Amino acid sequence: MMKVSIDALIDGAKSSSVVSFPTDTVPALAAKPKNSRLIFEAKQRSQDKPLILMAATAEELWPFCSGNIQEFQIWQEVSDRYWPGALTLVLPASDRVPIEVNPLDPTTIGIRVPNSTIARQILAQTGPLATTSANLSGQPPLETMAEIDAQFPDVLTLLWEEELKNQAGGVPSTVAKWTNNGWQILRQGAIKLV
């Protein structure tokens, strides 16, 4: 059993541990971006499925993106409208993104600010983390901390007795990719991008 307090989870994430905590969609597996390979190994995840960077504020994520002034303006308008929330933006990556986050396509990066007080509290202390849903690759996302603790015994799981009441019914985030023609929806989730 690796259920830990919020302080121990934050300390673990700051070092080199994989951690798990609730978000506004499905529970996350998370690690410092340079330690992303630990998440790929734990999930048995193919490297062609990149992780996303999650942070407490949009301002912490923009340095990982690369675009012109007009593009940043469009991206910020969307983030102002939908964040914190269940929307992942896939944008051109800057050279600040560690290759480990997206090993096969380092030109893009997914970013998100979750609408979860506890997740943002953790992220405010750790800085941006590489994240993905807490489940073995190809299986449905786990919905309780107990399930995560059982499936990932080596992951530091937040000791949180309440079930994840603030979730959007376990629906993953909407994923929208920026292209030359505007937004392309890669996965429709809880948020409808208009």
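Computed from a predicted structure; not experimentally measured. Sequence positions, counted from 1, serve as the residue numbers for this chain.
- Under the side chain to side chain contact (heavy atoms under 4.5 Å, CB included) criterion, Ile69 pairs with no residue at all, not counting sequence neighbours.
- With sequence neighbours excluded, no residue forms a side chain to side chain donor-acceptor pair (under 3.5 Å) with Asp95.
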Listed pairs under 3.5 Å, donor-acceptor, residues 118-126 side chains, sequence neighbours left out:
unit_1 : atom_1 : unit_2 : atom_2 : d
Arg120 : NH1    : Pro114 : O      : 2.9
Thr126 : OG1    : Ile122 : O      : 3.4

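- Val175 shares a hydrophobic cluster with Val90, Leu186; the chain of contacts runs through ILVMFWY side chains whose heavy atoms sit under 4.5 Å apart.
- Residues satisfying the side chain to side chain donor-acceptor pair (under 3.5 Å) test with Ser133, not counting sequence neighbours, are Lys43, Asn135.
- Atoms CG and CH2, on Asp24 and Trp83 in that order, are 12.0 Å from each other to the nearest 0.5 Å.
- Side-chain atoms of Asn102 and Val97, non-hydrogen and from C-beta on, never get closer than 4.5 Å to each other.
- In this structure, Phe64 and Val101 have side chains that are not in contact, with every pair of non-hydrogen atoms separated by 4.5 Å or more.
- When atom types are taken as modelled, the side chain of Ser20 and the backbone of Ala28 share a donor-acceptor pair closer than 3.5 angstrom.
- Annotation: side chain to side chain contact (heavy atoms under 4.5 Å, CB included) contacts of Asn68 (sequence neighbours excluded): Gln70, Glu71.
- Between the side chain of Thr132 and the backbone N or O of Leu29, no donor-acceptor pair lies under 3.5 Å.
- With sequence neighbours excluded, no residue forms a salt bridge (Lys or Arg N to Asp or Glu O under 4.0 Å) with Arg96.
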Please set out all donor-acceptor pairs under 3.5 angstrom arising from side-chain atoms of residues 54-61, sequence neighbours excluded.
unit_1 : atom_1 : unit_2 : atom_2 : d
Thr57  : OG1    : Glu60  : N      : 3.4
Thr57  : OG1    : Glu60  : OE1    : 3.2
Glu60  : OE1    : Ala56  : N      : 3.4
Glu60  : OE1    : Thr57  : N      : 3.2

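- Qualifying side chain to side chain contact (heavy atoms under 4.5 Å, CB included) partners for Asn181, counting only residues two or more places apart in sequence or in other chains: Thr179.
- Annotation: side chain to side chain donor-acceptor pair (under 3.5 Å) contacts of Lys32 (sequence neighbours excluded): none.
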Identify every side-chain donor-acceptor pair in residues 10-19 under 3.5 Å, counting partners at least two apart or on other chains, and give the distances.
unit_1 : atom_1 : unit_2 : atom_2 : d
Ser15  : OG     : Asp11  : O      : 3.4
Ser15  : OG     : Gly12  : O      : 2.8

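- By the side chain to side chain donor-acceptor pair (under 3.5 Å) test, Arg187 pairs with Ser173, sequence neighbours left out.
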